[in-house]
Amino acid sequence: MKKRWPVLFDWVVRFALHVATGALAVAVHYSLMAVLLSFGSPPVAASGVGFLAGAATRFLTAYFNVYTPSGTIVDAMPKFLLALGAQFILNSLLLAGLLEAGLGIWWAQVSTTIILTFANYLAYRLWVFR
């Protein structure tokens with residue numbers, strides 16, 4: 001039973017790091033999204049471009065600061081890109097659905113980000129950076 005605590009502690013610490021570095025990625029995403037919206041870009045397109053900028057930030061901070069990858073950046077990159085593609089589609093679908101349901105742009109985007117945070121952590125921890 002004692003062996004469970006170090007594993008659980010590692011998961012908690014890594015999730016906290018995932019959230020902290022994710023905050024930086026979200027700041028990049030939302031900042032670029034806000035700039036694009038101010039120039040009249042459609043919300044889903046602005047979110048998509050911001051998402052890609054945030055994703056680049058996420059990959060670098062996750063690879064070097066959150067996980068202990070068993071391979072090189074070159075090994076992790078294809079898996080990250082596949083996970084990113086799934087996240088991009090989910091981000092766009094969730095955002096569009098929440099906007100269609102009547103949520104404001106920022107409430108919809110924040111809700112989408114919160115939902116995807118948990119899915120992203122599991123994908124990164126169990127597959128991308130394994």
Is [Y] reachable from [X] through a run of hydrophobic residues whose side-chain heavy atoms are each under 4.5 Å from the next?
| X | Y | answer |
| --- | --- | --- |
| F88 | F80 | yes |
| L126 | F9 | yes |
| V44 | I114 | yes |
| V110 | V26 | yes |
| L116 | Y121 | no |

Flag if over 12 foreign heavy atoms under 6.0 Å of CH2, W127: yes
Can T72 and D75 be said to form a side chain to side chain contact (heavy atoms under 4.5 Å, CB included), step by step? CA-CA 5 Å; T72 66; D75 297 329; 3.3 Å; yes
Pairwise side chain to side chain donor-acceptor pair (under 3.5 Å) hits with a residue in residues 30-47, at least two apart: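 Side chain to side chain donor-acceptor pair (under 3.5 Å) check on residues 30-47 returns H29-S47, Y30-T113, S47-N91, S47-Q109.
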If I compare all heavy atoms of [X] with all of [Y], which pair ends up nearest, and what's the gap?
| X | Y | result |
| --- | --- | --- |
| G54 | V28 | N-CG1, 3.9 Å |
| L103 | L99 | O-CD2, 3.6 Å |
| A108 | L95 | CB-CD1, 3.6 Å |

To the closest 0.5 Å, what do you measure between [atom1] ([X]) and [atom2] ([Y])?
| X | Y | atom1 | atom2 | result |
| --- | --- | --- | --- | --- |
| F64 | T21 | CZ | OG1 | 13.0 Å |
| T61 | L17 | OG1 | CG | 10.0 Å |
| L32 | L37 | CG | CG | 9.5 Å |
| D10 | T68 | CG | OG1 | 7.0 Å |
| K79 | L82 | NZ | CG | 10.0 Å |

May I ask you to decide if the ring planes of F15 and F118 are parallel, tilted or perpendicular, using 30° and 60° as cut-offs? parallel
So L98 and W107, side chain to side chain contact (heavy atoms under 4.5 Å, CB included) or not? Walk me through it. CA-CA 9 Å; L98 292 172; W107 283 109; over 6 Å; no
Any donor-acceptor pair under 3.5 Å linking the side chain of H18 with the backbone of T117? yes
I'd like to know whether F51 forms a side chain to side chain contact (heavy atoms under 4.5 Å, CB included) with L84, so could you lay out the CA-CA distance, the side-chain angles of the two residues, the decisive distance to 0.1 Å, and finally the verdict. CA-CA 9 Å; F51 177 88; L84 180 65; 3.3 Å; yes
Begin from the C-alpha positions of S70 and R130 and carry the test side chain to side chain donor-acceptor pair (under 3.5 Å) through to its verdict. CA-CA 6 Å; S70 58; R130 184 159 217 172; over 6 Å; no
For Y63 and Y124, I'd like to know if the aromatic rings sit close, meaning centre-to-centre distance below 6.0 Å.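 Here the rings of Y124 and Y63 have centres that are no less than 6.0 Å from each other.
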Indicate yes or no: at least one non-hydrogen side-chain atom of N120 is less than 4.5 angstrom from one of R58.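 Sidechains of R58 and N120: no contact.
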